[in-house]
Structure formats: C-alpha cells, structure tokens
Protein chains: 2
Amino acid sequence: MVNIKDVAKVANLSVATVSRYLNQNGYVSKNSSERIEQAIRELDYKPSSVARSLSKKQSNIIGLIVPDIKNPYFPELARAVEDMAWSYGYTVVLCNSDDQIEKELLYLERLSQTYVAGLIVATSLLDPSVYLSINTPIVALDRIIDATVPTVATDNQKGARLGGEYLLTNGARNLLCIGGPHGLKTADDRLTGFLEATDKHGLDPIVITSSFDFKVAAKAIEQCLAINPQIDGIFASSDTLAIAALHIAHKLGKRVPEELQIVGFDGIALGEMVSPPLTTVGQDLYKMGTAAATMLIEQIEGKEIKQTVLNIDPQLIVRGTTRKEAAK
Amino acid sequence: MVNIKDVAKVANLSVATVSRYLNQNGYVSKNSSERIEQAIRELDYKPSSVARSLSKKQSNIIGLIVPDIKNPYFPELARAVEDMAWSYGYTVVLCNSDDQIEKELLYLERLSQTYVAGLIVATSLLDPSVYLSINTPIVALDRIIDATVPTVATDNQKGARLGGEYLLTNGARNLLCIGGPHGLKTADDRLTGFLEATDKHGLDPIVITSSFDFKVAAKAIEQCLAINPQIDGIFASSDTLAIAALHIAHKLGKRVPEELQIVGFDGIALGEMVSPPLTTVGQDLYKMGTAAATMLIEQIEGKEIKQTVLNIDPQLIVRGTTRKEAAK
DNA sequence: TTGAAAGCGGTACCAG
DNA sequence: CTGGTACCGCTTTCAA
C-alpha cells in the first residue's frame, strides 16, 4: 500500500506538506499542490483512515444503535442515516441491541475503542448519564434519552390522538387499543394520546399491551377479539401490531373496514402492501433518519447546531382499513 | 484515555509484556499476569482498536454490502451476519450499493482504507476481478461472484422447480411467472427452474419481468392480469413480488387461493403477515447469514475453510395462497 | 511556504 | 520470561 511518504518522495516535498495539502489547512504553494496532485494520481494513493483516526483520535465511523434491524421500522431509518452519512464521508456501523442493557453497554464500549465519531441511538434503556458520559456527539432518534441530548422524534401523543379521533369520526365506538410494551415511553405516549381522544367522547376503550413481535401480538389480539366480538375499531401503536390485527381479522372472517376498522402508527412501507392497505398515523421516516444524521454530523464537525430538538409532525395517512365515506 | 503505557507503569512492567499478555502470545509469568490484570482493572483500561489496526494492518470491521437494506430480504440476512460478527468481536459496517457500480466501487475503496478485515457481498455487478483484487477475505452471499469466491447461496433453479411443480400438482394450469430484473443471475435461475417444471407438463406460461420495487411490480402485474384473466397460478421470483400479486388479486376481487394461487420465493418474515399467508419457496435466511459470517471469519483468522461453497436447500413452505386439498 | 520530528497507541522482533 | 525499540501512516507543532 502506498503511503504519504511515497507521495512526498515523488512530489519531492515533505510529508508535512502533503498532509497539509490533503487536509486543506496550512500553506501549500500552487506549484507544490500540483506536484502533489500529480504524485497522488501517479501512485493511486489513498490515505489510511486508520492512521488518521489514530493521530486525530477521531474516526469517520458513526454508530447506529437500533433494537433490531429486522423490525421493519428500522431499515427505513437506517437507510436514511446511511445515505446522509455516506454523502459526508462517514461510514455507519450497525448495532442491534435487542433492547438488552448489557449488549448496548458492550456496544458502547467497543465503539468508543474505535474513536467512533458519533452515535445515533434509537433505543433508550440505559440511564441517560451513560450516554452523556461517553463523551461523543450523540443524537437520539425516535426515542428520547434526555432533555440535553439532541433528539429527532415524533409527537406520539398528538399522532395517537389524531388516529383515535379519526376512528371515532368514522363511527367506530367499541374501541380496542393495542399498546406497545409497557415502560417504553414512545408506546406510553401513544396510549395516552389515544385515550385523550376517547375520553373526550366519554368512551372507555379496551386496552391491551403486547410486545412488537408479530406472532405474540397476533395471539393476544385473537384472544381479545374472541372475548370481545363487539369491537369495531382498533388503534394499534405500531404498524406491525396493526397488521397483526388485520391478519387476525381475516382469520376470524371479520370484514375490514366494514365491520372492523384499523388504524396503525409508524408509516412503514409494509403498510401499503397488505390488503386492504393500512390506514395509519405516519411519520416521515426517511426525513427523521436524515435529520438525525445531519444533526449528528454538525455536532461532529463542530458547527453550531441550529436546533437540538426536531419534532416531526405525524400525519394521518388514510388508506383502506378505515371507512372514508363516514367521515364528518 | 488510559493507554498501554499507563498499564505497564502501574504493573511495573514494559509495554511489550503487557502487549503479550493482551494478545495471549509469548511468555508472561503468572505473577506478571496478575499484576497486569490488576492494573487493567484499576485503570479501567480498554485497548484502542485503532492503534491495533494500524500496527497490524487489519481491523475488526466487516463490510456488508447489500443493494438496499429497505428490501425486506436483507434485514434478516444483516441481522444474522451482525449476530455472528458480534460474537466473534467484529463490527459490521452497513453499505447500501443500490446496485450501482459506481457506489459499490467507492465503498470498496473506502472500506479498504480502513483495513477492513473482510467483506460479505450480497451484490454482484462488479467484474469478479475487482473483488478478487482487493486482497481481503470475502464471501458472496445469496449471489454468486465467481467460482473462486467462497459462497453461500441457494439452489434457485431447484427451488423454482419445486414451486412450479407445486402449483401444477395443485391444479393451476394458466400460469404466470413474475421474474426479477433481467440479467440478475438469481432471478434468471429462478425463471429457468420454473420453466423446467412447466415444460415437463407441456405448458407455456406467461412470463413477465419486473424490478423488485413493490409499486412498479404491482402495476405490471395488474396490467398483465387484466389482459389475461384466465391466469389461475402465479409463481413470483421473490416474496415481495408475490405479495404485490396478492395485493392486486385482492384489488381485482380475485379470491386467493380459490381462483388464483400464488407461490413466492425467499421466505421473508413478511410472508406470514399477509392474508392469506404466503406459500413460498423458503430459504433459511438466518442460517445463510450466519454461515456467510462464519466462513468469512474463518478466512480472516486464517483457519482452513472447510467448504468454500455452501448451498442452502430451499424448502417449500405451504401456507395459505395455495390450495392444499388438491395436492397429489 | 516548507520540513523535522514528536506523538497517537499498539505490535513484534531481537537481545538479554 | 522480559524489556528496548523500530515501526504502522498520518497530524501537528515549532523552527527555519
């Protein structure tokens, strides 16, 4: 592998000058620049980012921590992050934490050993202090870590209220809310928002909670629907959960949306593929991902961060699992 | 950050000895070991993997190149790779090539600058020679690069034959085959396999090809089905395509599987979520991913690779988009 | 404008 | 068994 020394030799300059040229800092005469360019081309020189990391104590690696990339929500986020990182010359390391504290901690440790440039964290089980203590730029994506950590998130409560209200204006009265796992703030907020909507109408919906796992959720929903056949509207706090509900509705022979309406939350691509396509409270996932990456890179590169909290407004996306004609 | 020198000082030994201890090579007396351990604990020392990479010219980073992580096929593979990499102390960098030569080339270049330990490549548009020339362990996943590159793949032809035959034994006679993008070997093999099955029955199915994009595919399928309403069996060369077909069937009011049977290929999780759940030719994606990672790590660590080609046998997974009672 | 040289944090060879 | 030390490839003072 050709190194900076070789380039210097060919250009008949010192490595210091070549380095200055490479980093575009310090003085390099026009003439020298040309000789360096020439040498680089001639030798097909590529700087070693490892050596660079070592001397600068800073790499161009961004760590992306998600619970599980298999959850269809995260690939869309990951793709957006990766695109933005790519265009700024960063590289993203994928970390699946499985929402396990131990694993996340170990990841953090490993990443810090590589002088990771920054972290995008889409999980939130560790104590905020540990994220703050690692002394690396960080942004929270989708989940809030702490008021002091720059964050890109959705107003979950508002979104859920939107979803609940839509179900109501569409005539559903016997509601079921499928909440996400207990203790997950995102999920709790969605539940709260939904209940705000139903409270206003003096309704008292059934609430169940479930893990985001499809099969587990499907089973829970099936049981619930068996006991409460009167249910005519379901608000699910994730699209996966909503699709599980749709699946069970088909299995039980309930017609959607005629007998049972379903509203999801997230706006994953999958929602458009099922039949009927899923009405949902959608977030612009790509935008969230790119925004998070941008905020992180700005921090890394020491720029003033314009805003430390970006709240993405969720939007109701009406598709086929709700009746539209009934609106108003 | 505390470094090896600090440890050496506290343990009252030289850095050489500490290094030997750390790498478990060379001699270190029991007594010294204990002092080192003690010092490490005391200082909470973590070796810098960057420095290590520089001096060994080898990192613990594995590059995973996929076309697009948003394609539901890849998260399952990526997760498996990441799990295995994690357990061996490697870290995976996610690269989305978008099946663009230029981008893939740039990735390869960037990765080689970081002394990447190895590559898992799930794309195959570059000339084999470039993969071979980068002088890094590599394994091809799902797509074949070259006979000399260790590979984990599926017997696509056989799988497609299986799928085609199943459709036939189930009574479908007016067949449609939805192939993947032209020129993609995986897709071509699946088409070939399917045609083998139909040929044997003297049938001449309709064949269309489509990109793997859901919407594009759906449109093409809709047109085809409109022109050929007699179609009663569809073999899709990916689950996404099959789900698009299912989606269109619902839209057109065709009952699945009574009027129209569908068989997909891949075995992605999504297939179980749609209604009716998708009958498909499934590959064990997790196994493919872990196998690829294992083969790569063995190469990296210089072990004898037991086998350089692992052919995963595809399995017919009968679910709800085919009629089972008709079998035999 | 340019260059010499001291790191950055390890590894590994060689001598003791 | 242990220590001295020359790298690995690049960045960054400090002098010239």
Side-chain angles (χ1 to χ4, degrees), chain A residues 1-37 39-40 43-61 89 109-117 301-302, chain B residues 1-37 39-40 43-61 89 109-117 301-302:
Chain A
M1 193 90 260
V2 14
N3 61 23
I4 199 173
K5 226 168 170 172
D6 301 323
V7 175
K9 205 173 303 166
V10 171
N12 214 272
L13 288 164
S14 74
V15 296
T17 306
V18 177
S19 174
R20 258 180 259 122
Y21 167 84
L22 253 20
N23 296 288
Q24 324 235 46
N25 59 19
Y27 298 100
V28 180
S29 74
K30 184 125 190 214
N31 178 285
S32 299
S33 291
E34 279 161 10
R35 271 153 52 211
I36 294 173
E37 277 162 20
I40 288 179
L43 300 171
D44 191 29
Y45 166 69
K46 310 264 184 294
S48 151
S49 36
V50 174
R52 196 172 261 171
S53 297
L54 180 60
S55 72
K56 307 224 291 197
K57 288 167 172 281
Q58 148 100 264
S59 73
N60 50 185
I61 290 176
E109 179 171 312
R110 280 202 199 168
L111 288 172
S112 70
Q113 285 171 51
T114 70
Y115 293 131
V116 66
E301 304 191 340
Chain B
M1 194 89 260
V2 15
N3 60 23
I4 198 172
K5 229 167 166 173
D6 301 324
V7 175
K9 206 174 301 165
V10 171
N12 214 272
L13 287 164
S14 72
V15 296
T17 306
V18 177
S19 174
R20 256 179 261 122
Y21 168 83
L22 253 20
N23 297 289
Q24 325 234 45
N25 59 18
Y27 299 101
V28 180
S29 74
K30 184 129 190 205
N31 179 284
S32 300
S33 292
E34 278 161 11
R35 270 151 55 211
I36 294 173
E37 277 161 21
I40 288 179
L43 301 170
D44 192 28
Y45 166 70
K46 310 263 186 294
S48 151
S49 34
V50 175
R52 199 171 258 172
S53 297
L54 180 59
S55 71
K56 307 223 292 197
K57 288 167 172 280
Q58 150 98 263
S59 73
N60 51 185
I61 290 176
E109 180 172 309
R110 279 202 200 170
L111 288 172
S112 69
Q113 286 170 51
T114 69
Y115 294 130
V116 66
E301 304 190 340

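In what follows, every heavy atom counts, from backbone to side chain, and hydrogens, waters and symmetry copies are set aside. Chain naming here is simple, since letters A, B, ... match the order of the sequence lines and numbering starts at 1 in each.
Nearest to the side-chain atoms of B:S19 among the listed nucleotides D:dC10, C:dT11, C:dG9 stands C:dT11. With distances taken from any side-chain atom of B:A16 to the nucleotides D:dG9, C:dA12, D:dT12, the minimum falls on C:dA12. Taking only side-chain atoms of B:V15, from C-beta outward, the nucleotide of C:dT11, C:dA4, D:dT2 with the closest atom is C:dT11.
D:dC10 atom P lies 17 Å from atom CD of A:Q58, rounded to whole Å. The interatomic distance linking A:D6 (CG) with D:dC10 (C1') rounds to 13 Å, in whole Å. What separates CG of B:N25 from C1' of C:dA12 is a distance of 8 Å, to the nearest Å. Residue A:K57 contributes atom NZ, which lies 19 Å from atom P of C:dA6 at whole-angstrom precision. B:I4 has its CD1 atom 12 Å from the P atom of D:dG3, to the nearest Å. Distance B:L43 CG to C:dG9 C1': 15 Å, rounded to the nearest Å. Counting to the nearest Å, the P atom of C:dT2 and the OH atom of A:Y21 are 13 Å from each other. In this structure, A:N23 atom CG and D:dT13 atom C1' are separated by 14 Å, rounded to whole Å.
The 5' end of DNA chain D is approached more closely, in terms of each residue's nearest nucleotide, by B:V28 than by the other of A:T17 and B:V28.
Residue contacts shown for B:L13 are limited to sugar-phosphate atoms, with no base heavy atom under 4.0 Å away. Contacts of A:K30 with the nucleic acid, taken as non-hydrogen atoms under 4.0 Å apart, are absent. Counting any heavy atom pair closer than 4.0 Å across all strands shown, A:S48 reaches sugar-phosphate atoms only and no base atom.
Proximity of A:S55 to the phosphate of D:dC10: no side-chain N or O atom is located under 4.0 Å from OP1 or OP2. Under 4.0 angstrom from either OP1 or OP2 of D:dC10 there lies no side-chain N or O belonging to A:S53. For B:R52, no side-chain nitrogen or oxygen approaches OP1 or OP2 of C:dG9 to under 4.0 Å. The side chain of B:S32 places an N or O atom within less than 4.0 Å of a non-bridging phosphate oxygen (OP1 or OP2) of D:dT2.
For a distance-only test at 3.5 Å, the side chain of B:R20 qualifies as a donor-acceptor partner of the base of D:dG3.
B:I36 places none of its side-chain heavy atoms less than 4.5 Å from the side chain of B:S33. For the pair A:V18/A:L22, a side-chain contact is recorded, criterion being any heavy-atom separation below 4.5 Å from C-beta on. The closest side-chain heavy-atom distance from A:S59 to B:V50 is not below 4.5 Å.
Rounding to the nearest 0.5 angstrom, the gap separating the CG atom in B:L43 from the CE atom in B:M1 is 10.5 Å. For the atom pair OH of A:Y115 and OG of B:S49, the computed distance is 8.5 Å after rounding to the nearest 0.5 Å.
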